[in-house]
Every structure is written in C-alpha cells, then in structure tokens.
Amino acid sequence: MSPTPSLVGRFVVEHAALALTTRQVSREQVEHALTPTKQQRTILIVICAYVLGILVLWNIPYVNIVLLPFKLVTVALHEFCHAAAGLCTGAKIKSITIDPDEGGLTRMSGGKWCCVMPAGYLGSSFLGALMVFAGFDVLASKIVSVIIGVCLLATLIWAKNWLTRIITVLFVGLIVCLWFTPKGAGLRYVVLFMGVMCSLYSLWDIVDDTVKRKVNESDATKFAQKTHCSSRCCGALWLLVAL
C-alpha cells in the first residue's frame with residue numbers, strides 16, 4: 001500500500017522544520033562561539049593599548065629608550081631562532097652576540113642555510129604570536145613563559161658578550177618573579193606585552209631590513225645571494241608568512 005499524499009506532505013513539512021531548527025541552533029552556536037567573553041574583550045582592549053603605546057613611544061626621541069630592553073629581548077629571540085634552526089640541521093653553534101644598536105649575530109658552522117637564514121624573522125614572529133595567543137589565559141601564559149625562559153637560557157649559554165648575558169638574565173629573572181604574582185596576572189600581562197612588542201618589532205624589522213632595504217647585509221640579502229633572486233622579494237615573502 002503506497003503512502004497517501006497527505007502523509008507524504010506531512011513528512012516533508014516535519015523534515016523541513018527539523019532541518020531549519022537544526023540550522024538555526026547551529027548558527028546560534030557559531031555566533032555564541034565567535035562572540036568574545038568579557039575577559040577576552042578586556043584582553044583585546046589591552047592589546048590595542050599596547051600597540052598604541054608602543055607606536056607612540058617608538059617615535060619619541062629619548063623616551064623611546066623605555067622600549068630598548070624589550071627590543072633587545074626580541075633580538076635575542078631572533079638570534080635564538082637562527083641557532084635553533086642551525087642545531088636542527090646539524091650546525092655547531094659558536095656564539096650569539098647582541099649589540100646596543102639592536103643588532104645581533106649568531107656564529108655557527110654547518111647547518112642548512114635555507115632553513116637558518118629565514119628562521120630569525122619567522123621564528124621571532126611565531127614566538128610573538130604565541131605570546132599574544134597565550135595572553136588570553138593565565139595557564140597558557142605560564143606555559144609559554146617557560147618556553148621563552150628556556151629560549152633565553154639557551155641564548156645565555158651561547159652568549160659571548162655582557163649585554164647578551166645581562167638582558168637574558170634580567171628577563172628570565174623577571175619571568176620567575178612574576179610567577180608569584182596573585183593568580184599570575186602580572187606574568188600574563190607582561191607576556192602579552194612581550195608578545196605584542198616581539199610581533200611588531202619582527203614585522204618592522206623585516207620591512208626595514210628587506211623591503212625598504214636599509215641594511216645591506218640582512219638575512220634576506222644573504223638569502224637572495226644564495227638563491228639569485230631579489231632581496232625585496234625574499235623580504236616580501238617572509239613578511240607575508242610572518243603576517
């Protein structure tokens with residue numbers, strides 16, 4: 001016995017209503033998931049304040065010295081990423097040095113240049129993004145602070161000048177002290193600031209050293225010499241990856 005038209009129509013209507021209800025629930029769930037919580041909105045506001053504050057301080061003569069320690073930490077992480085890439089490709093690390101002019105140098109023997117040269121810019125951008133991401137949660141901030149501390153301690157082992165030693169010891173000490181702040185709030189906001197600073201400085205470093213081509217011996221220039229292509233192209237490609 002075949003179903004009557006009324007039963008078929010009722011089945012179609014009920015099935016369509018169920019599908020619409022399911023779709024509506026799914027849409028509401030997606031909207032709820034994408035809506036930031038009160039705490040997340042606070043962190044987003046803090047990030048915007050950090051970006052604005054860094055950009056303002058960066059361009060004020062004499063006052064911009066306040067950012068110098070954080071810039072030097074970013075340089076230290078940049079050089080650590082070179083060293084880490086070298087170790088992963090069989091290099092022997094000889095030394096890491098940081099100078100007061102915000103420059104750095106990693107000396108090594110061996111390794112794969114195609115991995116080592118881009119690692120500084122891209123690695124420090126990744127670490128900056130990781131710190132910003134961790135800033136939304138206290139536990140994540142503590143975990144990432146340990147990672148950054150290990151990176152800085154490794155840099156300290158390879159350090160060959162006093163500035164590199166001092167800046168790494170100071171920031172490792174700061175991380176350790178902030179672990180004992182109430183509920184880790186101090187650590188969270190310092191890690192967030194370092195993340196914003198590291199991200200902005202890494203991106204600006206790529207633009208300044210490669211796209212604007214103010215530095216003749218940048219990583220991108222050396223990479224371009226090896227690959228026989230434009231250093232601006234290398235810099236632009238690294239910038240896109242870093243973004």
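When reading the values below, keep in mind they use all heavy atoms of this one structure, side chains included, and skip hydrogens, waters and symmetry mates. Starting from 1, each residue takes its place in the sequence as its number.
- Between W162 atom CH2 and T97 atom OG1 the span is 15.0 Å, to the nearest 0.5 Å.
- Summarising the geometry of L187 relative to I175, their closest heavy-atom pair is CD1-O, 4.0 Å, with the distance given to 0.1 Å.
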- Apply the test side-chain contact (heavy atoms from CB on, under 4.5 Å) to residues M131 and L77: give CA-CA distance (whole Å), side-chain angles for both, the deciding distance (0.1 Å), then the verdict. CA-CA 12 Å; M131 285 186 276; L77 293 175; 4.2 Å; yes
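- Counting heavy atoms from C-beta outward, Y189 and L178 have side chains that stay 4.5 Å or more apart.
- I45 and M194 are members of different hydrophobic clusters when ILVMFWY side chains are connected at heavy-atom separations under 4.5 Å.
- In the hydrophobic clustering of ILVMFWY residues, with side-chain heavy atoms under 4.5 Å counting as a link, V66 and V190 come out apart.
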- Task: Go through the steps for V146 and W179 under the test side-chain contact (heavy atoms from CB on, under 4.5 Å), then give the verdict.
- Result: CA-CA 10 Å; V146 172; W179 260 76; 3.7 Å; yes
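- Rounding to the nearest 0.5 Å places CE of M108 at 7.5 Å from NE2 of H82.
- Using a 4.5 Å heavy-atom cutoff, the side chains of V51 and V196 are in contact.
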- Residue pair I43, L192: steps toward the side-chain contact (heavy atoms from CB on, under 4.5 Å) verdict: CA-CA 9 Å; I43 296 299; L192 185 62; 4.0 Å; yes
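- Taking every heavy atom of both residues into account, C81 and S124 meet most closely at SG-N, 3.6 Å.
- No path of Ile, Leu, Val, Met, Phe, Trp and Tyr side chains, each step under 4.5 Å between heavy atoms, connects V138 with L130, placing them in separate hydrophobic clusters.
- Counted within 6.0 Å of CZ on F136, heavy atoms from surrounding residues, nucleotides or ligands total more than 12; the atom is thus considered enclosed.
- If you chain together hydrophobic residues whose side chains sit under 4.5 Å apart, V169 and L68 fall into the same group.
- Nearest approach of P100 to L163, heavy atoms of both residues: N-CD2, 3.4 Å.
- Nearest approach of A76 to L152, heavy atoms of both residues: CB-CD2, 4.2 Å.
- Of all heavy-atom pairs spanning I98 and T164, the tightest one is N-OG1, 2.9 Å.
- Follow the hydrophobic side-chain contacts under 4.5 Å out from M197 and you never reach F133; the two are in separate clusters.
- Of the residues listed (F70, F193, W58), the one engaging Y50 in a ring pair (Phe, Tyr, Trp, His ring centres under 6.0 Å) is F193, and it is the only one.
- Looking only at distances, no side-chain donor or acceptor of T89 sits under 3.5 Å from a matching main-chain atom of G111.
- Remark: the backbone N or O of I96 is not paired with any side-chain donor or acceptor of E79 at under 3.5 angstrom.
- Atom CG of L52 sits about 13.5 Å away from atom CD1 of I47, to the nearest 0.5 Å.
- Looking at R188, its side chain never comes within 3.5 Å of a backbone N or O of S141 through a donor-acceptor pair.
- For the pair I93 and A83, the tightest heavy-atom approach, listed with the atom from each and the gap, is CD1-O, 3.5 Å.
- Other residues, nucleotides and ligands contribute over 12 non-hydrogen atoms within 6.0 Å of the CD1 atom of I147.
- Of the possible polar contacts, none joining the N161 side chain to the D99 backbone as a donor-acceptor pair under 3.5 Å is found.
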- Going through the distances and angles, do Y201 and V75 end up as a side-chain contact (heavy atoms from CB on, under 4.5 Å)? CA-CA 9 Å; Y201 191 52; V75 174; 3.9 Å; yes
